[in-house]
Amino acid sequence: MRKMIVAGNWKMNTDFSEAKELAQNLKNSLSNYTGDKGIIIAPPFTNLSEVGNIIKCTPIQLSSQNCASEESGAYTGEISVNMIKSVGAEAVIIGHSERREYFKESNELLLKKLKLTLNAGMQPIFCFGEVLEERESEQHEATVDKQLSETVFKLTPEEFSKVILAYEPVWAIGTGKVATPEQAQEMHAFIRKRISENFDETVAENTSILYGGSCKPNNAKELFSQKDVDGGLIGGASLKAEDFVAIINA
Ligand code: PEP
């Protein structure tokens, strides 16, 4: 059975004290949480350790927003999966559109990061999605298919079963322009069909596919009630404990 998951990507926001405050607020708000959704937060690297201490023994799991594409060594400024794991994180966001766009991360590089994350026993949250021109020219399915075929579809079924997918149409990220529930469902169903063709139906049925892109307390319920939408990856709204918790409870 696949799991409903709500994951918060804090991006390059929160200094040390702000991160502690946000984590503490989340911990307090979720102290009586009895829901069945998985909850993940991804603070900046510098705050992982401290946030990890605060959310210990809560239902909230810790993720990083990225990892290095090499295991260790002379890569100044990079952070390896083992370093991330050593401070208590269990997941790594890989392939966010901001990293693909601003840091020119290719599918080839993302596959390396996926393998390193899986080899370290951690869970990748793998992001992908089309840009506006691709949606407008009806190339969105072809784009997503290529992104998946060159990355997660190259994993073994066992490796793939540990991956959380996050479909994030780039035109909806941080823009306030959310995909309609129908657009989200249509794409998620397409993704699940492609997983089934590439692996098998059981693998497809067990894969959590999150939606990301301007998901807020006022639209989360409708998005999450779509048959193939298994929760969300939340950017802006994850920075306010009240909004993030409202999305979790949607
Ligand atoms: C994201 O960056 O993954 C995201 C979905 O951002 P937002 O919710 O702000 O659109």
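Order of listing sets the numbers, starting from 1, for every ligand and every atom in it.
For the 3.5 Å distance criterion, the side chains of Lys240 and Asn25 fail to qualify, holding no donor opposite an acceptor. In the model, Glu130 has a side-chain atom that pairs as donor or acceptor with a side-chain atom of Trp171 under 3.5 Å.
In this structure a side-chain-to-backbone donor-acceptor pair under 3.5 Å is missing from Asn249 to Ala246. In this structure, Asp230 contributes its side chain and Met4 its backbone to no donor-acceptor pair below 3.5 Å.
Residues with a heavy atom under 4.0 Å from ligand 1: Asn9, Lys11, His96, Glu168, Ala172, Ile173, Gly174, Gly212, Gly213, Ser214, Leu233, Ile234, Gly235, Gly236.
Aromatic ring orientation, His188 versus Tyr211: tilted (interplanar angle from 30° to 60°).
Taking a 4.5 Å side-chain heavy-atom cut-off between Ile, Leu, Val, Met, Phe, Trp and Tyr, the cluster of Leu109 contains only that residue.
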